[in-house]
Protein chains: 2
Amino acid sequence: MTIYDIAKAANVAPSTVSRVINGNKNVKQSTREKVEAIIKEAGYTPNVLARNLSVGDSNTIAFVVPDIDNQFFTTLLHGITDMAMEIDANVFMFGTDENIEREQKVLSSLTSEMIKGIIIIPVLEENRTTKEKLTKFEESGIPVVLIDRDVIGSGFDGIFSEDSNGSAQAVELLIAEGHSNIAIITGPLTSYPGRERFKGYERALADNNITLNQEYVVNGGFRVQESYNAMKKIMQLEPRPTAIFTSNNLTTLGCLKYMKEHNMHIYEDISLVGFDDIPELTYTDINLTVVTRPVYKMGCDAMNLLKMRFPGSELSEGDRGIVRRHLVKTQIIKRGSEKYRPFEKNQE
Amino acid sequence: MTIYDIAKAANVAPSTVSRVINGNKNVKQSTREKVEAIIKEAGYTPNVLARNLSVGDSNTIAFVVPDIDNQFFTTLLHGITDMAMEIDANVFMFGTDENIEREQKVLSSLTSEMIKGIIIIPVLEENRTTKEKLTKFEESGIPVVLIDRDVIGSGFDGIFSEDSNGSAQAVELLIAEGHSNIAIITGPLTSYPGRERFKGYERALADNNITLNQEYVVNGGFRVQESYNAMKKIMQLEPRPTAIFTSNNLTTLGCLKYMKEHNMHIYEDISLVGFDDIPELTYTDINLTVVTRPVYKMGCDAMNLLKMRFPGSELSEGDRGIVRRHLVKTQIIKRGSEKYRPFEKNQE
DNA sequence: ATGAAAGCGCTAACAA
DNA sequence: TTGTTAGCGCTTTCAT
């Protein structure tokens with residue numbers, strides 16, 4: 001069934017049917033009602049493909065994430081799809097497995113006719129090819145919005161968080177509890193969050209006149225197993241750190257994995273503060289103090305930023321030139337894991 | 001840039017370019033090479049939309065899940081997308097929030113031109129409208145594959161698991177540990193997994209001559225909060241159950257939430273076995289014994305089942321009529337939470 | 001092996 | 001306010 005069938009049945013031209021469907025005001029009320037009745041009766045639904053081809057527009061947005069299994073990203077997806085629904089847009093989610101080649105393959109598979117916009121958490125902050133590809137999309141009218149991780153020198157809109165401040169606060173918390181031998185399991189220092197979170201750690205130590213011990217800084221690559229290995233390395237150091245700051249949720253899990261295997265416990269044996277919450281843990285005895293962000297909302301915001309760049313948005317021409325980068329505030333949730341038994345004993 | 005531009009540059013007809021692109025054999029080797037060279041040089045990529053419109057085919061598949069945040073579903077998504085990639089298909093994921101109206105709205109928004117197939121975890125097992133909509137898709141050539149939950153009397157292909165057997169084994173395990181007052185927090189009994197898991201519980205009790213106490217059966221609706229409430233109810237019963245069987249991952253979390261709030265511990269205070277694993281818990285002191293399934297693989301299998309129904313698949317005509325329903329085996333992972341302290345004391 | 005031309009279903013000038 | 005018509009970019013008979 002096509003628009004022609006409806007037109008014939010309603011005794012009007014196809015273009016009139018098209019006008020009715022698209023809410024064009026240039027239609028007499030009576031004809032509109034007639035056409036609408038027929039559409040309803042026939043159960044006709046327009047062919048989106050044909051429409052998109054005709055107007056040269058699409059209604060799907062691509063969401064590219066490094067790790068499809070990480071809850072952080074699926075929560076973002078939730079926010080994105082909820083906002084996308086408001087404009088009847090659908091979203092493709094692509095996982096790149098933190099692999100730059102895969103990311104580029106995904107990007108290459110995306111043609112400008114099939115998508116209306118891109119929201120991406122890039123694998124690397126500095127990669128020529130990715131940057132070029134994304135830039136090309138923007139040039140061809142497909143807006144790009146970053147979340148969480150930056151692409152340096154790119155000028156894309158984006159939603160980021162105050163990683164450095166958040167981390168600094170977390171480490172300050174540990175210091176306030178009496179810790180001075182604080183290790184950090186970092187993310188890749190080649191990524192915005194990895195580096196900023198490390199910077200926060202650095203700053204908190206400096207502000208409190210604690211000399212940074214390079215041995216206490218180990219890369220966990222934002223991965224469970226790597227972070228487990230990092231923890232192993234850290235635990236062999238002398239003096240052994242009394243507290244750990246973990247740079248993201250997977251890092252925290254890797255750390256916990258090591259602790260479990262070695263029968264170590266928070267409070268008794270070590271203190272731990274992590275970046276990003278792990279909801280499942282709130283149902284356990286691991287009362288993890290964390291730096292969090294409003295993840296769902298960040299997804300919504302990203303989608304809204306994208307919408308603003310769509311043709312026909314209410315964005316004035318003058319406003320188009322400006323780059324919108326939101327820096328959302330982090331928040332500390334204190335649950336107790338920053339505390340350390342030996343220190344409490346001293347106070348007794 | 002269109003196929004015409006390429007044609008012009010190569011001094012051939014558009015149809016020839018089309019043939020080259022689609023690997024049609026009726027092209028002289030030399031012209032093929034010439035055209036390919038030009039395509040490459042020009043960096044031309046065909047317009048998928050136009051192709052789809054022309055051939056009346058699409059390359060995206062819809063994945064409809066009740067809860068976008070549940071890891072179980074995102075793991076399925078992972079399998080699905082990995083298999084979809086092999087045929088260059090993309091997947092839309094839709095969350096229905098366990099809400100039948102939303103499910104139907106999603107289904108209505110899907111038109112047969114935009115998708116090539118549907119993989120769905122339906123909210124309800126018995127709902128006229130959903131069943132009709134899905135049937136209509138199949139009739140119009142869009143195959144439907146179910147995962148985990150059935151639509152009764154539908155005859156769709158699907159991947160299910162031996163929920164009943166798995167649950168029975170789990171409960172048997174508890175019985176073997178000496179439990180006889182075993183409660184179950186069920187899922188909705190109007191869903192295949194909800195009911196089958198309950199049936200397994202029933203059967204295990206019956207097989208061991210334990211009378212089923214109706215009070216021990218409380219619905220948690222496959223949700224955290226509801227399961228928490230269910231647990232509260234259960235804990236007020238006399239005699240208080242010594243073991244709980246939870247019907248899915250969220251149910252388990254709700255149960256754990258209650259336990260934490262009331263300072264109850266596995267082994268000391270109660271035993272617990274759950275359906276579906278919760279990976280995060282393996283990094284904690286909650287050594288949960290669970291019934292699991294190969295979730296990622298189930299996603300892959302579902303996609304593969306769908307592929308078989310696509311036009312052009314190697315499925316012989318005779319095979320088209322048969323319904324393919326895979327029943328994957330569950331597996332028990334024993335980690336200790338089935339044990340109960342008071343019983344062990346008796347043995348000492 | 002190649003080309004010409006008619007469509008796929010819709011939209012958007014342009015006319016009326 | 002409505003209709004006519006020429007595309008959108010591709011595929012696919014049907015000729016040649």
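Note: hydrogens, waters and symmetry copies are ignored here, and every other heavy atom, side chains too, is used. The chains referred to below are lettered A, B, ... by the order of the sequence lines, with proteins before strands, and numbering in each begins at 1. This structure is a prediction, so every number in the text was calculated from the model and none was measured.
Contacts with DNA chain C (heavy atom under 4.0 Å) in residues 6-16 of chain B: B/Asn11, B/Val12, B/Ala13, B/Ser15, B/Thr16, listed by number. Proximity of residues 29-58 of chain B to DNA chain C (heavy atom under 4.0 angstrom from any strand atom) is restricted to B/Thr31, B/Leu53, B/Ser54.
With respect to the salt-bridge test (charged N to carboxylate O, under 4.0 angstrom), the residues B/Glu132 and B/Lys136 do not qualify. The residues B/Arg51 and B/Asp57 are annotated as not salt-bridged, no charged nitrogen and carboxylate oxygen being separated by less than 4.0 angstrom. Looking at B/Glu126 and B/Lys131, no side-chain N of the basic residue comes within less than 4.0 Å of a carboxylate O on the acidic one, giving no salt bridge. Look at A/Arg149 and A/Glu103 and you find no salt bridge, because none of the NZ, NE, NH1 or NH2 atoms lies under 4.0 Å from a carboxylate O. Using a 4.0 Å cut-off between a side-chain N of Lys or Arg and a carboxylate O of Asp or Glu, A/Arg309 and A/Asp157 qualify as a salt bridge.
The residue B/Thr2 sits close only to the backbone: its heavy atoms come under 4.0 Å of sugar-phosphate atoms, none of a base.
Under the 6.0 Å cut-off for aromatic ring centres, A/Phe92 and B/Phe92 qualify, their centroids lying closer than that.
Taken from OH in A/Tyr192 to CZ in A/Phe160, the straight-line distance is 7.0 Å, to the nearest 0.5 Å. Going from atom CG of A/Leu107 over to atom CG of A/Leu134 covers 5.0 Å, rounded to the nearest 0.5 Å. Between A/Glu36 atom CD and A/Glu41 atom CD the span is 13.5 Å, to the nearest 0.5 Å.
Between B/Arg19 atom CZ and D/dC14 atom P the separation is 14 Å, expressed in whole Å. Regarding A/Met114, its CE atom lies at a distance of 14 Å from the P atom of D/dC10, rounded to whole Å. Here D/dA6 presents its C1' atom at 10 Å from OH of A/Tyr4, a figure rounded to the nearest Å.
For A/Lys25 and B/Ile21, each mapped to the nucleotide of DNA chain D holding its nearest heavy atom, the one lying further toward the 5' end belongs to A/Lys25.
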Inset, instruction - Could you give me the CA-CA distance, side-chain angles and deciding distance for B/Ile121 and B/Leu146, then say whether side-chain contact (heavy atoms from CB on, under 4.5 Å) is met? - result: CA-CA 6 Å; B/Ile121 292 97; B/Leu146 307 169; over 6 Å; no
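Using modelled atom types and a 3.5 Å distance limit, the side chains of B/Asn52 and B/Glu113 yield no donor-acceptor pair.
From the 5' end on, the contacts that DNA chain C makes with chain B at under 4.0 Å to a non-hydrogen atom open and close at C/dA1 to C/dG9.
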